[in-house]
2 protein chains.
Amino acid sequence: MSSNYRMQVQYDGSRYNGWQKQGDTDNTIQNKLETILSRMTGEQVEVHGAGRTDAGVHAKGQIAQFRLMEDRDPEEICDYLNTYLPEDIGVTSVSYAAPRFHSRYNASSKTYLYRIAKKKEAHVFDRKYVYLYKGGALDTAAMKTATIQLLGEHDFRSFCGNPRMRKSTVRTIYAIRITETEDEIDIAFTGSGFLQYMVRILTGTLIEVGEGRRDPLSMDALLLARDRRMAGPTAPACGLTLMEVRYN
Amino acid sequence: MSSNYRMQVQYDGSRYNGWQKQGDTDNTIQNKLETILSRMTGEQVEVHGAGRTDAGVHAKGQIAQFRLMEDRDPEEICDYLNTYLPEDIGVTSVSYAAPRFHSRYNASSKTYLYRIAKKKEAHVFDRKYVYLYKGGALDTAAMKTATIQLLGEHDFRSFCGNPRMRKSTVRTIYAIRITETEDEIDIAFTGSGFLQYMVRILTGTLIEVGEGRRDPLSMDALLLARDRRMAGPTAPACGLTLMEVRYN
C-alpha cells in the first residue's frame with residue numbers, strides 16, 4: 001500500500017525552464033522537488049503538478065501530488081523540502097491525499113493572474129512578477145467587453161501556442177476579471193484548464209483590444225477562426241502567476 | 001538663481017554598495033542618479049539623500065535633493081530618470097523644493113522597517129527584502145519590553161558601527177513598533193536620525209532578547225556602557241528598508 005500526498009508549492013519561476021521535466025534540461029521546478037524527495041526517501045519519486053507552468057511563469061498556489069512506497073509524516077516531508085529547496089521555491093503545506101487523488105486530472109478549476117504594470121517606479125520590489133507595459137493607457141472598458149465573448153466552453157485553438165496539438169483544444173473559462181489601479185492592470189483568468197500559452201495569448205489579445213487595435217466584439221470570430229495567427233502576441237511569461245487550483 | 005528639487009526614490013539595494021558615493025566604487029544609488037541627471041542637464045549635479053543607506057539596504061521612501069542652474073520641469077526630470085534608471089531603482093516623484101531645503105539636515109524623522117521572516121516558504125516572492133531567521137520562535141513580549149528603555153534621547157554609541165565616529169552619537173528614538181504575524185516579525189524604528197548600522201545593531205540586540213539570551217531590562221546599562229562590543233550582532237542588511245522621511 002503506497003501513501004499518496006498532496007502539496008502546495010510557491011515559486012519565483014524567473015530562473016527555471018518551467019514546471020515540467022524536459023529531455024534536455026533538469027532546471028525545472030518538478031525536477032528540483034523530485035530530486036530532493038528521492039534523496040530523502042531513497043525512492044524514485046514522481047511529482048505531478050496541477051498546472052504545467054511555462055518557463056519564467058510563477059506560482060503562489062501550485063498543487064502537486066506524489067506517492068511514496070514507505071509512509072512518511074507529511075510535516076517531516078514539508079520541513080525536509082524547505083530545508084533543501086533553493087530560496088525561490090517554497091512548499092507551503094504537505095498533507096495526505098485520497099488514494100486516487102491526482103493533482104491535474106481532478107482539478108476542477110485553475111486561476112491564473114496576469115499583472116500588467118503601468119509605472120516602472122511603482123514596481124521596483126515586484127518587478128520580476130509584472131509585465132512592464134510601456135504603450136500608454138489601455139482602454140480597460142473595451143477589454144472587459146471583449147472578455148464576455150470568451151467566457152464559457154469554446155474551442156480555444158486560436159489561443160493555443162502548440163501548433164502540433166493533437167488533443168482537444170476545447171476548454172471552459174468561468175471568469176475573467178480585470179481590475180485597474182493607478183499603477184497596474186490585473187487580469188485574473190479562472191477556467192477548467194488552459195492550453196499551452198493560452199493565458200498569455202489571451203492577455204496579448206486583450207492588450208490589443210485595450211490599445212484600440214482590435215474590436216472588442218471580434219472575439220467570437222477569433223474563436224471560430226481556430227487559427228493562432230489571428231490572435232494577438234504571447235504576453236511575456238514574467239507577468240503570469242498560477243494563483244489557485246480548486247478541487248470539487 | 002538655481003532651482004532646488006526634492007525627489008522620492010525607491011530601490012532594491014541588493015546589488016548596490018549603498019546610497020553614498022565612495023572613493024573606490026561608483027556602484028551606488030547616488031551615483032546612478034547623479035550620472036543620469038548630469039547627462040540630462042549637462043550640469044554637474046550633486047544628489048543628497050536623507051538617509052545614507054548601507055550596502056544591501058532597500059528604500060521605499062528615500063528623499064533626495066538636488067539643484068540645477070538651469071530650470072527644468074520636475075515631471076520631465078522624473079520621466080527622464082525612470083527611462084534611464086535600472087529597473088531596481090525608481091523615482092516616485094520630483095517636485096520643486098524651497099530654496100534652502102536640504103533633504104538630510106531638514107529631516108525631522110526617519111522610519112526604518114526591519115523584517116524578520118520566520119518561514120522561508122512564505123517569503124518566496126520577497127525573499128530579498130527579509131532576513132530569514134532560522135533560530136526558532138522569538139519572545140516578542142520580551143523584545144517589546146526591551147524597546148521601552150531605548151526610547152527617547154540617548155547616547156547610542158553602543159549601537160554605532162563606526163568605531164572612529166568623532167561626531168555626537170546622541171540620537172532620539174520616537175517609536176519602536178514590533179508586530180508579529182504567522183510568518184514574520186516586523187520592527188519599525190522611528191527616530192531623529194540613526195548612526196551607521198544603528199538600526200541593524202538594535203535589531204540584532206532585540207533578537208538576542210527574543211532568544212532569551214539577554215535581559216529585556218538590560219538596555220539602560222547597555223546604553224550607559226557606550227561600547228559597541230556590549231551590544232548584539234549587526235543584523236543582515238537585506239532585512240532593512242528605509243520607509244519614510246518626514247519634514248516639519
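Residue numbers begin at 1 in each chain, while the letters A, B, ... track the order of the sequences.
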Contact between B/Asp71 and B/Tyr96 at the side-chain level, heavy atoms closer than 4.5 Å - yes or no?
yes
Between B/Lys60, B/Lys128, B/His123, the one whose heavy-atom pairs under 4.5 Å with chain A are most numerous:
B/Lys60
Side chains of A/Glu180 and A/Thr140, donor plus acceptor under 3.5 Å
yes
Side chain from CB out, backbone as N, CA, C, O: work out which of these in B/Tyr129 comes under 4.5 Å of a heavy atom of chain A, or both, or neither.
side chain
Would you kindly check if the NZ (Lys) or CZ (Arg) of A/Lys110 is within the cone defined by 45 degrees around the ring axis of A/Phe194 and under 6.0 Å from the six-membered ring centre?
no
Side chain / backbone / both / neither for B/Leu132 at chain A, heavy atoms under 4.5 Å:
neither
Given heavy-atom pairs under 4.5 angstrom as the criterion, report whether the side chain, backbone, both or neither of A/Leu81 touches chain B.
neither
Donor + acceptor pair across side chains of B/Glu211, B/Tyr133 (<3.5 Å):
yes
